Amino acid sequence: MHIVDGALSNPVVIGGAVLAAGGIAKGLRCLPMEKIPVAGTLSATFFVASLVHVPAGPSSLHLILNGLAGLVLGWAAFPALFVGLLLQAVFFGFGGVTVLGVNTFNIAMPAVIVGCLLRSRLQSGTPEAAAVWGAVGGGLAVALTTFFVALALALTGEQFYNAAKLVFLTHIPVMAIEAFLTGSAIYLTRKVKPELFEAVAGAGS
Amino acid sequence: MSSVLTAVEKPLSATGANRQVSWLGRVDPRVRIVCAAAFAVTVVACDRFGVLIAALCLAGVLMAGSGLPPRRTLRRMAAMDGFILFMLALLPFTVPGEPFLTIWGVSASWEGLAEAARIGLTANAVILALMALVGSMEPVTLGHALHTLRVPATLVHLLMFTVRYIDVLREEYLRLRQAMKARGFRPSTGWHTYRSFGYLVGMMLVRSLERSERILEAMKCRGFTGRLPLLERWSVGARDLAFTAGFAVALVALIAGEVADGAL
């Protein structure tokens, strides 16, 4: 899902950086010092979760869970996921430097969209209904992320059209798995600790 | 500090002690961050093969000087290559140009192959230089350096918290996996596995929320006001100026190579 340096055209790289900077600024404004510990530990949780590999047929895939991040963190998902991507690039060599903005936008914008659309539905209604909405959010976030990745590639030039299509098609099973996983995670947290959805995203935004 | 991030045991580093002994490790962290960014922008702007290969060599020199274990660093770089391989492999078939190979009636062009090689060289050079210049420092040092480079304090705090708790929460994750294993859970492809992983992630969120409540109380108890106390003060010395000058000369040489080639 990460795009590397050198692949995208300059306007796409600069556009992505500007949009990501805007999103991070907006996210930081929703984070008073009081909420830094909870945002930081949740950000670390999503970092650890993204290192988890789940089996899928003969191979395995690693989780993205940006939908879940958006549902729990709201706009704060932007800086939280940016920090994760920065650490991955610097210490794991995944991704790139100039494309950091594009990659942040591709992962975090879907998270925020899903968070804004569905967060209120998670708190009202039964845990079962929340799980269904969570699954919708989890699948939608991955679908939007692949769409943004494909868009960034397609805007760069038509030589990437096929790669963009392939990215989308190969991620359909990922969407199904992420949707189911996010739904289960939401079901459990609604039953065990419903305050989770208020911890960061509540009150301020 | 975080062994997930650095995967090197540095027991004293949690206090911020700077134990790096390589020559690159003694250069001011702020200088290294700025150099890594300048290198990335310069290399991405270059197109000539000779220039990109020179950039990759420069990144290799930086890695040798950074004291990072070369084998693991190169393996990480190779892991990223495996990741982008399928996109690069498609390029020769989609860029129009002179064909050199035809598979099932689809021809691959030299121009596309060159484009793929260019992207591969750029990506590897930039990421290798980033790991050598920035990845070799302590995550805490990175946070402090970003703070002195005027990155918003909230973002630096978020970074430091994330770095601090990645290891703790990874241990939490391993404990939960162990508990699942003890109850006979074996991952396979199926809804039961995915539901269990979902509950696992949900449980991790619950536990980190509860942990963060304890952290906040402990911080309040110690009078935390949101200011970032700096453990060390850096000043740009002769060594840093020499490094910056040398690095600037190398970047200008890359640009000169690009422009000179382009004029031919």
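Just so we're on the same page: letters track the sequence lines, and every chain starts at 1. For clarity, every value in this text was computed on a predicted model and none was experimentally measured.
- The shortest side-chain heavy-atom distance between B:I166 and A:T45 does not fall under the 4.5 Å cut-off.
- Across A:H53 and B:F197, no two heavy atoms sit closer than the pair O-CZ, 4.3 Å.
- Just one of B:V134, B:L155, B:L159, B:T162 meets the side chain to side chain contact (heavy atoms under 4.5 Å, CB included) condition when paired with A:L86; it is B:L159.
- For the set B:W191, B:F39, B:Y165, the entry with the most heavy-atom pairs within less than 4.5 Å of chain A is B:W191.
- Other residues, nucleotides and ligands place no more than 12 heavy atoms under 6.0 Å from the CZ atom of B:R71.
- Shown here for B:G198 and A:S184, the closest heavy-atom pair between the two residues is CA-CB, 3.9 Å.
- Contacts between A:I186 and chain B at a heavy-atom distance below 4.5 Å are absent for every atom of the residue.
- The side-chain heavy atoms of B:Y199 and A:Y187, taken from C-beta on, include a pair separated by under 4.5 Å.
- Among B:L130, B:L133, B:T122, the residue with the largest count of heavy-atom pairs under 4.5 Å with chain A is B:L130.
- With chain A as the partner, the residue from B:V126, B:T73, B:L200, B:D47 showing the most heavy-atom pairs under 4.5 Å is B:V126.
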Problem - B:F224 vs A:I36, side chain to side chain contact (heavy atoms under 4.5 Å, CB included): CA-CA, chis, key distance, verdict - result: CA-CA 12 Å; B:F224 180 72; A:I36 290 288; over 6 Å; no
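- Residues A:V54 and B:P187 have side chains not in contact (no heavy-atom distance under 4.5 Å, counting atoms from C-beta outward).
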Exercise for the section: List the steps, then state whether side chain to side chain contact (heavy atoms under 4.5 Å, CB included) holds for B:V43 with A:D5. Expected result: CA-CA 9 Å; B:V43 174; A:D5 282 307; over 6 Å; no
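- Counting heavy atoms from C-beta outward, A:S43 and B:F161 have side chains that stay 4.5 Å or more apart.
- Residue with the most contacts toward chain B among A:P32, A:A56, A:G157: A:A56 (heavy-atom pairs, distance under 4.5 Å).
- Interface check for chain B: of the options A:L31, A:T189, A:L28, the most heavy-atom pairs under 4.5 Å are formed by A:L28.
- Of all the listed residues (B:A36, B:A116, B:G202), the one sharing the greatest number of non-hydrogen pairs under 4.5 Å with chain A is B:G202.
- Applying the 6.0 Å contact sphere to CZ of A:F147 captures no more than 12 heavy atoms from other residues, nucleotides or ligands.
- The two residues B:L209 and A:A199 make their nearest non-hydrogen contact at CD1-CB, 3.4 Å.
- Note on A:A49, A:A80, A:A164, A:A89: by heavy-atom pairs under 4.5 Å with chain B, the leading option is A:A89.
- Proximity to chain B is absent for every atom of A:L8, based on heavy atoms less than 4.5 angstrom apart.
- For the options A:G6, A:P37, A:G138, A:A76, heavy-atom pairs under 4.5 Å to chain B are most numerous at A:P37.
- For B:S188, the part lying under 4.5 angstrom from a heavy atom of chain A is the backbone only.
- B:P139 is listed as a side-chain neighbour of A:F91, based on a closest heavy-atom distance under 4.5 Å.
- If you tally non-hydrogen atom pairs under 4.5 Å between each of B:R195, B:E172, B:M204 and chain A, the highest count goes to B:R195.
- Considering every non-hydrogen atom in both A:L42 and B:S208, the closest pair reads CD2-OG, 3.6 Å.
- Comparing A:V13, A:V52, A:T182 by heavy-atom pairs within less than 4.5 Å of chain B, the highest count is held by A:V52.
- Between chain A and the options B:R211, B:M219, B:E210, heavy-atom pairs under 4.5 Å are most frequent for B:E210.
- Nearest heavy-atom pair across A:T41 and B:S212 is OG1-CB, 3.3 Å.
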Practice task
Given side chain to side chain contact (heavy atoms under 4.5 Å, CB included), test A:L65 with B:V201 step by step and report yes or no.
Solution key: CA-CA 9 Å; A:L65 293 177; B:V201 172; 3.9 Å; yes
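- Taking the side chain as every heavy atom from C-beta outward, A:F46 and B:L205 approach each other to under 4.5 Å.
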Practice task
Under the side chain to side chain contact (heavy atoms under 4.5 Å, CB included) rule, what do B:L216 and A:V38 come out as? Steps first, then yes or no, please.
Solution key: CA-CA 8 Å; B:L216 182 63; A:V38 61; over 6 Å; no
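- Surrounding CD of B:Q178 are at most 12 heavy atoms belonging to other residues, nucleotides or ligands under 6.0 Å away.
- Side-chain contact between B:M203 and A:L188 is present, with at least one heavy-atom pair separated by less than 4.5 Å.
- If you measure heavy-atom distances from B:L142 to chain A, the contacts under 4.5 Å come from the side chain alone.
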